> 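One structure, pasted below without further comment.
Within every chain, numbering begins at 1; the chains are lettered A, B, ... in the order of the sequence lines, protein sequences first and strands thereafter. From a predicted model like this one, the values you see are computed outputs, not experimental measurements.
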There are 2 protein chains.
Amino acid sequence: MKIPKPTDAELEILQVLWEYGANTVRFVNEHLNEKKETGYTTTLKLMQIMHGKEMLSRDDSNRTHIFDAAVKEEDIQKELLDKFLDATFRGSASKLVMHALGNSQTSKEELDQIRQLLDQLEGGK
Amino acid sequence: MKIPKPTDAELEILQVLWEYGANTVRFVNEHLNEKKETGYTTTLKLMQIMHGKEMLSRDDSNRTHIFDAAVKEEDIQKELLDKFLDATFRGSASKLVMHALGNSQTSKEELDQIRQLLDQLEGGK
DNA sequence: TTTGATATACGAAACAATTCGTAGATAAAC
DNA sequence: GTTTATCTACGAATTGTTTCGTATATCAAA
């Protein structure tokens, strides 16, 4: 199966569906509007395009269609991360990781999780 | 000072200058061509635009101009990372970190560096 | 000093992503 | 049953990015 690469606007829509599950255009549009004014038909058009690309599934058995993400969050994240890592950090994962941890406030629990992963990775070296 | 956000093509040019230092359009173009065929004037135009945006400095005391990055690699990386983190991982740095480390092969030295950073971060909690 | 290679400048084409207006269908409210 | 609100469909405008063709200048080699 081939994974389509979402554009920025498409990704925003996916985020809403990943977070809240299958929903209407109106619901998605209203969520997007919390961050940035967007016309209803703009969101509609985008979701139609995404459906065309098989990025979204659509239940059109009722007048008001229900859309859902047809791609896995993790798959898309992995795909975008690969590209970003390469373009921005020339492939150096450790640099990216250091920046990411340096900038943001990450909880102790999350840091411990990362530490566990390090143990696991380093175990195999 | 305001940091301009480079586009994809602009970032590729910055990467060359960050890696090799101040250089000519031809040099940059030839490096870009290793990855992807690009016309000379395309690269030239882009670098002129970037100069206009004050993303690159230019020494035009000779016929062949010498360009250099006028923005710090770290600053741009931080800026792009923030945006990417938000757009793709809804701000969860730990998720991004786990993905990044999971996907790529990172050396033992790098992993140790990350571990040190963790110690440091966790020390303050 | 003519020819050829190589430089900059820059308008405009080509391409891609996003936004919006409008038409037409359906449902709900009156 | 007529009006009003809400839905989808979709063409087209807008905006942003990238690519390229062409004009013109400069330098070096013949």
> Mind calculating the distance between CG (B:N23) and C1' (C:dA7) to the nearest angstrom?
16 Å
> Hey, what do you get for CG (A:N103) to CE (A:M98), rounding to the nearest 0.5 Å?
12.0 Å
> Among residues 42-53 of chain B, which residues get a heavy atom nearer than 4.0 Å to DNA chain D?
B:T42, B:K45
> Measure from CG on B:N29 to P on D:dC20 and round the result to the nearest Å.
11 Å
> Under 3.5 Å, side chain of B:E10 to main-chain N/O of B:M50, donor-acceptor pair present?
no
> Under a 3.5 Å threshold, yes or no: a donor from one side chain and an acceptor from the other, between B:E73 and B:Q77?
yes
> Side-chain N or O of A:T7 less than 4.0 angstrom from OP1 or OP2 on C:dT18?
yes
> Between A:E110 and B:K95 (salt bridge meaning N to carboxylate O under 4.0 Å), is one present in this structure?
no
> Strictly distance-based, threshold 3.5 Å: is any side-chain N or O of B:E122 a donor or acceptor partner for the main-chain N or O of A:L111?
no
> Figure out the CG/P separation between A:L32 and C:dT18, and round it to whole Å.
12 Å
> Enter the distance from A:L32:CG to A:Q15:CD here, rounded to the nearest 0.5 Å.
10.5 Å
> Using atom CG of B:D8 as one end and atom P of C:dC15 as the other, report the distance to the nearest whole Å.
18 Å
> Using atom CZ of B:F27 as one end and atom C1' of C:dA7 as the other, report the distance to the nearest whole Å.
18 Å
> Choosing from D:dT8, C:dT19, D:dT6, which nucleotide comes nearest the side chain of A:V25?
D:dT8
> Could you verify whether a donor N or O on one side chain and an acceptor N or O on the other, from A:D59 and A:S61, lie under 3.5 Å apart?
yes
> Between B:D112 and B:K108, is the closest basic N to carboxylate O distance under 4.0 Å?
yes
> Checking the side chain of A:D60 only, and the main-chain atoms of A:H65 only, is there a donor and an acceptor separated by less than 3.5 Å?
no
> Return the residues of residues 58-65 of chain B meeting this criterion: a heavy atom under 4.0 Å from some atom of DNA chain C. Order them by number, or give none.
B:R58, B:R63, B:T64, B:H65
> Roughly how far, to the nearest 0.5 Å, is the NE2 atom of B:H99 from the CG atom of A:L117?
11.0 Å
> Has B:Y40 got a side-chain N or O lying under 4.0 Å from the OP1 or OP2 atom of C:dT8?
yes
> Expected output is a numbered-order residue list: members of residues 79-87 of chain A with a heavy atom under 4.0 Å from any atom of DNA chain C. What is it?
none
> Parallel, tilted or perpendicular: which fits the ring planes of B:H31 and B:Y20, with parallel below 30° and perpendicular above 60°?
tilted
